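This structure is a prediction, so every number in the text was calculated from the model and none was measured. The chains referred to below are lettered A, B, ... by the order of the sequence lines, with proteins before strands, and numbering in each begins at 1.
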2 protein chains.
Amino acid sequence: MATAWEQAYVTLRRRLADGTYPPGSHLPEEELAAQLGVSRTPIREALRRLDAEGWLRVVPNQGAFATEWSIADINEIFDLRALLETYAAEHAASMPDRRGLDMMEEACDRAEAALPGDDLNAIEVISDTNVNFHRALWEMSGRARCRTTLHSLAVPPMMLRNFRNFDAAGLRRSLDQHREMIKAIASGNAAWAGAVMRAHVEAGRAVFVAAVSRSRDGKWAM
Amino acid sequence: MATAWEQAYVTLRRRLADGTYPPGSHLPEEELAAQLGVSRTPIREALRRLDAEGWLRVVPNQGAFATEWSIADINEIFDLRALLETYAAEHAASMPDRRGLDMMEEACDRAEAALPGDDLNAIEVISDTNVNFHRALWEMSGRARCRTTLHSLAVPPMMLRNFRNFDAAGLRRSLDQHREMIKAIASGNAAWAGAVMRAHVEAGRAVFVAAVSRSRDGKWAM
DNA sequence: CGTCCTACGATTGTATGCAATACCCAAGTC
DNA sequence: GACTTGGGTATTGCATACAATCGTAGGACG
């Protein structure tokens with residue numbers, strides 16, 4: 001069994017991701033401690049880590065606040081993902097391994113099975129398998145620092161929720177890009193893998209930007 | 001006055017950077033607490049943050065160990081710095097501001113004044129002003145996430161200590177590149193700024209690689 | 001002599017208590 | 001009426017105490 005603070009970290013991160021704690025909201029330590037059934041000590045340690053990873057901001061003597069994301073922030077994140085995911089894909093292609101490729105295949109299979117359903121549950125599955133796909137790729141690249149950095153960039157709330165903005169054709173294309181990436185990596189063609197990844201990230205940005213411009217007041221449902 | 005855990009964080013980070021706690025060494029909480037004159041609680045919170053930033057690794061029930069760096073790790077860090085510092089330089093050039101440019105100029109002036117001295121103190125000053133220069137540039141780029149990521153990549157021990165590997169000509173060239181970057185940014189030429197930055201990072205890598213290959217057993221004095 | 005087991009010491013993990021600080025609101029002043 | 005000031009409350013910051021866990025040294029057994 002993992003330590004209490006690690007469990008708290010995982011739970012709080014998930015809740016920040018799924019919107020249980022909306023951006024800007026205050027997170028009182030005692031309340032979190034009561035919810036998770038532990039004391040404030042492990043909660044505080046989890047909050048320190050979430051702070052370091054950008055999930056929330058701990059202000060001295062005021063506590064933790066779920067981070068709010070401006071459109072500029074999100075564009076920056078897409079920029080960084082474009083750089084780092086491409087880098088990871090290129091290096092994964094230069095050292096492909098069976099186990100990682102299998103994990104990526106499996107993620108695609110599961111996503112494909114969920115694709116026909118239009119409900120939120122399908123979106124949930126697709127979002128989930130998407131994370132698994134990318135994680136397997138980061139792992140295969142063998143770049144530890146790149147992996148942890150991408151983890152903190154690609155998993156936060158508005159990235160996961162962006163899947164709700166995809167239409168059926170968009171999801172189909174996203175999945176096709178995943179399949180193409182597997183081919184590129186398996187063949188050891190770094191340039192190919194990198195190019196597909198860059199297109200993949202930019203397609204995600206385009207979906208996001210379109211969703212933002214649809215909402216007239218410039219605010220979006222993240 | 002900052003909180004105790006923030007002070008502990010800064011102090012421990014500096015000690016990890018200057019070699020007081022060598023790579024691989026175990027850092028008992030109680031000992032750190034005694035050294036800094038606080039209890040274990042703020043120490044633990046500082047350690048969580050240092051862990052998240054890659055300065056050390058906290059193993060459950062075993063404590064904190066200063067991270068050890070393989071040559072592959074360091075090459076990865078230079079790779080990521082090449083990508084992200086270039087990105088930051090390009091965006092700084094697209095939105096130059098007087099105050100940031102002044103800070104960069106000042107860092108160069110101070111480094112230049114210290115340059116004639118060959119002693120370790122001069123190296124210290126140069127290493128210090130180098131950090132200030134880059135920080136000012138990151139700040140100017142307005143990219144918050146890029147800045148925090150670079151902070152955790154560019155400041156760790158072996159990056160700071162790499163300055164000891166530069167010869168006089170190398171330091172001179174490094175400083176010239178800083179001056180050139182200021183010109184490029186001030187003129188708003190993003191491509192120029194990015195190219196100089198990339199060259200700057202790669203020059204640093206070359207110095208590092210040369211230092212490693214000079215030591216026959218593949219270990220280096222970091 | 002080597003291996004396994006146990007008990008001890010050292011260190012980390014968590015809970016709790018108290019001190020310090022910030023926020024909120026009401027009363028007072030200009 | 002707007003602004004300032006004071007106290008009360010809620011929340012965080014830190015220290016301490018105790019529980020849980022790990023590593024190791026020593027001894028028993030094969």
Side-chain angles (χ1 to χ4, degrees), chain A residues 1-16 19-68 144 148 151 157, chain B residues 1-16 19-68 144 148 151 157:
Chain A
M1 171 177 169
T3 61
W5 82 262
E6 281 176 313
Q7 292 179 229
Y9 164 74
V10 171
T11 303
L12 294 178
R13 198 181 61 186
R14 193 179 59 242
R15 293 189 180 180
L16 286 162
T20 305
Y21 306 132
S25 61
H26 185 217
L27 283 63
E29 296 173 0
E30 195 133 13
E31 191 178 318
L32 301 178
Q35 288 174 11
L36 303 191
V38 295
S39 80
R40 282 173 50 214
T41 307
I43 295 291
R44 285 174 65 84
E45 296 183 3
L47 290 178
R48 293 293 173 276
R49 182 166 196 115
L50 292 165
D51 182 25
E53 292 180 355
W55 291 86
L56 43 78
R57 201 171 27 104
V58 174
V59 182
N61 292 310
Q62 293 185 39
F65 299 85
T67 57
E68 304 180 89
T148 59
H151 179 77
Chain B
M1 174 178 167
T3 60
W5 82 262
E6 282 177 312
Q7 291 179 231
Y9 164 74
V10 171
T11 302
L12 294 178
R13 197 181 62 187
R14 192 180 57 241
R15 292 191 180 176
L16 287 162
T20 305
Y21 305 131
S25 62
H26 185 218
L27 283 62
E29 297 174 357
E30 196 133 15
E31 191 177 318
L32 301 178
Q35 288 173 10
L36 303 192
V38 295
S39 81
R40 280 174 51 218
T41 307
I43 295 291
R44 284 174 66 83
E45 297 183 2
L47 290 177
R48 291 295 173 275
R49 183 166 196 113
L50 292 165
D51 182 25
E53 293 181 354
W55 291 85
L56 43 80
R57 203 170 26 103
V58 174
V59 182
N61 292 312
Q62 294 186 38
F65 299 85
T67 55
E68 305 181 89
T148 59
H151 179 77

Colleague: Please round to 10 degrees the angle between the axis of the first five pairs and the axis of the last five pairs in the helix from C:dC1-D:dG30 to C:dC30-D:dG1.
Modeller: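 End-to-end axis angle: 20°.
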Colleague: Identify the heavy atoms of A:Ala66 and A:Pro22 that sit nearest to each other, and give their distance.
Modeller: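 Taking every non-hydrogen atom into account, CB-O, 3.4 Å.
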Colleague: Can you name the nearest heavy-atom pair linking A:Asp51 to A:Leu56, along with the distance?
Modeller: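 Where A:Asp51 meets A:Leu56 most closely, the heavy atoms are OD1-O, 3.0 Å.
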Colleague: What pair of heavy atoms forms the shortest contact from B:Ser25 to B:Tyr21, and how long is it?
Modeller: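 Reported closest heavy-atom pair: OG-C, 3.7 Å.
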Colleague: I'd like a list of close polar pairs between nucleotides 10-12 of chain D and the protein, N/O only, cut-off under 3.5 Å.
Modeller:
unit_1 : atom_1 : unit_2  : atom_2 : d
D:dT12 : OP1    : A:Glu29 : N      : 3.4
D:dT12 : OP2    : A:Glu29 : N      : 3.1
D:dT12 : O3'    : A:Asn61 : N      : 3.4

Colleague: Between B:Tyr9 (OH) and D:dC14 (P), how many Å, whole number?
Modeller: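 It is 16 Å, rounded to the nearest whole Å.
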Colleague: Can you measure A:Trp5 atom CH2 to D:dA19 atom C1' for me and round it to whole angstrom units?
Modeller: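 Between C1' of D:dA19 and CH2 of A:Trp5: 20 Å.
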Colleague: OP1 or OP2 of D:dC14 sitting under 4.0 Å from any side-chain N/O of B:Thr41?
Modeller: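 Result: no.
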Colleague: Could you report the tightest heavy-atom contact between B:Pro23 and B:Thr67, atom names first, then the distance?
Modeller: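 Minimum heavy-atom contact is CB-O, 3.4 Å.
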Colleague: Can you check whether B:Thr11 reaches B:Arg14 side chain to side chain, under 4.5 Å on heavy atoms?
Modeller: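 They are in side-chain contact.
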Colleague: Identify the two heavy atoms, one from B:Leu47 and one from B:Val58, that lie closest to each other, and give their separation to 0.1 Å.
Modeller: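 Result for this residue pair: O-CG2, 4.1 Å.
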Colleague: Starting at atom CD of A:Glu45, determine the distance to atom P of D:dG13, rounded to an integer number of angstrom.
Modeller: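 The distance from CD of A:Glu45 to P of D:dG13 comes to 13 Å, rounded to the nearest Å.
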Colleague: Tell me the interatomic distance from B:Ile43, atom CD1, to C:dT11, atom C1', rounded to whole angstroms.
Modeller: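 Distance check: B:Ile43 CD1 to C:dT11 C1' gives 15 Å.
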Colleague: Would you check, one step at a time, whether the test side chain to side chain contact (heavy atoms under 4.5 Å, CB included) holds for B:Glu31 with B:Leu27?
Modeller: CA-CA 8 Å; B:Glu31 191 177 318; B:Leu27 283 62; over 6 Å; no
Colleague: Can you tell me how far apart CG (B:Leu50) and CZ (A:Arg48) are? Round to the nearest 0.5 Å.
Modeller: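 That separation rounds to 12.5 Å.
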